[in-house]
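Here's the structure we're looking at; comments come further down.
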Amino acid sequence: MKINGYQDWKEAMLFLPERTFFLLMRLYLGEIKTPFNKQRLVESLGGFLSKPETQRTMVESLDRLDLLILTAVHTLPVANRGALLIFLSSETALQTRLTNLEERLILYRDSYTDDYDRVINNYKINPFLYKAVEPLLDSRSLFFPQQEKDPQSEATLCDDIVLAGLYTFFLKEPDVLKMNGAFKVRAEKQLKAIFQDTATDIGAFKTLCTGLENLGLLIVDSASLIPQQGRWEEFFKQKPFDRKMYIVAAMYGHVRRDSMQKRAQFFSDFLTSLDPRGLYDDTALKRFFDFLYMRLYVETTGDASIFPDMMSEDELRMIDTLKALKFLLPVGDYWQLNTASFNQESVEQRLIAAPSFEITLLPFTALGRIFPVLSCMEPVSILTTGRFSITRTACLRCFERCSTDKTLIALLEEASGGTLPQNIKVSISEWYLQCTAVGLYYGFVITVAEDKRKLFKQNAGLQDIIYKELADGVYLIKQMDLDSVRTMVKSAGLDVTFYTTGSTDRYTATGFSSIENRHSVLDNFDKKAKKQHTAQCKQEKNYSEHIRELQAVVDTMPIDQYNKQSLKEKIAKKLIITKEQLYGAPADNEVREVSGLDFLGKIHLAETAITDNSRLEVSIDGASGRRTITGIPITIEKTDHDAVLVMQGENAPYKEKISIAGIVKMRAFRSSLFS
């Protein structure tokens, strides 16, 4: 908020439409004598606002909604009408109150033209009142939780053990999808049997897999979900909290690497901003989201590539995703932050290997360290700890990716801290001998004459593309694989290792940047709103008494009843705040009236009221006597012999249809100085 904005305010006043400008001047300064100078009128209005008594009265007139709006204008990075209507969407009559604050000269609109030649109107607090109002503005009041409760901690749906289980599950069972993208019934049963705590909601589980797909960790190929092992290896090197944020970020869709990192940072900031003791309803959660989204928009100069096509319903969907993945836990009708979301622990602890071929993965085990051995396991049960089983089929996958039995045993020995049972070592060696009895290679082969082999081996570039020396002078070159030949060998009853000489991953293994562990966005906000609540209630009571005093003065004024009513309405709307305004106010020429047989006059007045969004009061005679209807005119339906006025009656759930010819009297009351 720019405190020294007097020149901005003056320019905003001078650029008001003529009618609005002079209505405001007459309201606050009284009758305007001609000749007049608009610059001097604005300076006179500034003098009126500079008076300590005026400022005190205007500040006392602020109620809860006024202060909420002013706090939002003071806090939000973007404070135009659209942003405020979204941010404070839970408040009723917000548009009317924004207009009212402009009429009361507490807010003004600072206009500028953006890069697309669009006129943007940002609300600002009147600089004459800013110093008096600022102590009442506490940004924390925008984000107070509804209740408080001791913090909760529970495993999230994308904890490390769940991710390890998913990775090994899809290595074993990639063929899990129907043609419409849903899980097959068989796959659902397997997932529920393995992920006993987390896969109860298959819909949430499918959402999680969508995030993994958008990160390039899983590839959809026909009816399969295929893990990209190089991508997983890189992903497991990240911090546990960063992994979670990337998964949540990817739920919204796939974007380029830098946009995904900024999106992940956004969700980190969102969760960090929530009070661990706070209980929030959906409105409060959306308000957090809106504030951070506006801040992101400003920080990235309107970069729409981070959240492309973001709509209000998308915000609600992302908040629902945080609930489904258990970052937010239900407490009655409210939601509370799951403090386990922030777990950053990663312990260099060993895998527990049993002679039964079962491997136990304890919580907080560093996934980056054990990743090389995950491929030789299949998931059995994923709860607080993860139970896996070393199987012949899984080991075959490792052998096909160029691991030998000695390499795999060494990796398992290291991961288990040297406690790998002997029978597992022997079995892995036996499986390797069985699986490698027949070796099938696919690719390009180079044969090199004996007198050229020394030169060939000294060439570093050539050595980089060699996969294996099959015989003297015979070299297999790295190339893609085919499965059909292996199928033919297996049909003969032989085990065969089919060597894939290059990674089949379709995505680069790079692309994950660290998430900055920023403090809550509320840390810099003042902590004073709770102390102000009692004082605010007293202040509102005092101003109600001030309104009654001014309205009592109106009753004694020698003016007609319509002008008295008009003045009382302006007092109630807090447009008239001093007795001097009452005595200096001109007769209300904005009350327009047509009566009798002036059909065209009534048509014209009704059309003007529709255009200005003015309030109408019409009187009609009926069987039970004269009836007066007040409301907002919507349209005029013309017929061959009459015209029908359609009105939305005040405090009425239905619309009125009234013959204009039958209207005895019609009065129009302009609802706003800015209409």
Side-chain angles (χ1 to χ4, degrees), residues 72 75-91 94 114 116 118 120 142-143 156-158 180-182 201-218 220 243-274 280-330 334-335 337-338 341 515 521:
T75 304
L76 296 183
V78 178
N80 56 46
R81 179 176 286 261
L84 291 169
L85 292 178
I86 292 173
F87 186 71
L88 300 175
S89 58
S90 60
E91 299 294 334
L94 187 61
D114 67 6
Y116 301 96
R118 296 175 300 190
I120 307 297
L142 299 171
F143 307 104
T156 66
L157 189 58
C158 52
N180 63 1
D201 183 357
I202 288 295
F205 222 66
K206 185 65 174 72
T207 301
L208 173 59
C209 290
T210 299
L212 298 176
E213 179 188 342
N214 288 330
L215 288 173
L217 298 169
L218 297 175
V220 178
R243 284 195 284 269
K244 296 172 187 175
M245 294 303 96
Y246 269 108
I247 290 172
V248 174
M251 301 294 187
Y252 189 76
H254 180 71
V255 288
R256 65 178 186 263
R257 184 178 65 184
D258 59 333
S259 294
M260 190 69 79
Q261 191 274 335
K262 291 174 183 175
R263 193 189 291 173
Q265 183 69 60
F266 172 89
F267 284 106
S268 171
D269 293 346
F270 177 83
L271 293 176
T272 304
S273 297
L274 298 177
Y280 298 92
D281 61 13
D282 289 336
T283 299
L285 292 172
K286 187 175 181 298
R287 190 171 288 177
F288 266 109
F289 196 104
D290 289 332
F291 171 71
L292 290 169
Y293 182 74
M294 282 183 253
R295 190 185 72 168
L296 177 68
Y297 184 85
V298 171
E299 288 179 348
T300 59
T301 61
D303 184 0
S305 67
I306 301 173
F307 284 103
D309 304 319
M310 172 66 79
M311 303 292 288
S312 181
E313 54 268 27
D314 296 313
E315 296 181 4
L316 297 175
R317 179 171 63 84
M318 292 310 302
I319 292 172
D320 287 342
T321 297
L322 291 171
K323 297 174 183 177
L325 297 182
K326 297 187 179 181
F327 289 100
L328 298 172
L329 301 176
Y334 300 107
W335 296 90
L337 176 68
N338 182 358
S341 305
I515 304 300
V521 295

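- Closest approach of Ile247 to Cys158, counting heavy atoms only: CD1-CB, 3.9 Å.
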- request: Apply side-chain contact (heavy atoms from CB on, under 4.5 Å) to the pair Phe266 and Phe289, showing each step before the final yes or no.
  value: CA-CA 9 Å; Phe266 172 89; Phe289 196 104; 3.6 Å; yes
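- In this structure, Met260 and Gly253 approach most closely via the heavy-atom pair CE-O, 3.6 Å.
- In this structure, the ring of Phe270 has its center no less than 6.0 angstrom from the ring center of Tyr293.
- Val248 and Met318 get closest at one heavy-atom pair: O-CE, 3.6 Å.
- Residue Leu328 comes nearest to Leu285 through the heavy atom pair CD1-CD1, 4.0 Å, listed as atom of the first residue, atom of the second, then distance.
- Side-chain contact between Thr321 and Phe327: absent, with no pair of heavy atoms (C-beta onward) separated by less than 4.5 Å.
- A distance of 6.5 Å separates CZ in Phe143 from OG1 in Thr75, rounded to the nearest 0.5 Å.
- A pairwise comparison of heavy atoms in Ala250 and Asn214 identifies O-ND2, 2.7 Å as the closest pair.
- Going from atom CG of Asp290 over to atom CD of Glu315 covers 4.0 Å, rounded to the nearest 0.5 Å.
- Not counting sequence neighbours, the partners of Asp314 by the side-chain contact (heavy atoms from CB on, under 4.5 Å) test are Tyr252, Met310, Met311, Arg317.
- Nearest heavy atom pair, residue Leu274 against residue Leu337, reads O-CD2, 3.8 Å.
- Partners of Lys323 by salt bridge (charged side-chain N to carboxylate O under 4.0 Å, His left out), not counting sequence neighbours, listed by chain and number: Asp282, Asp320.
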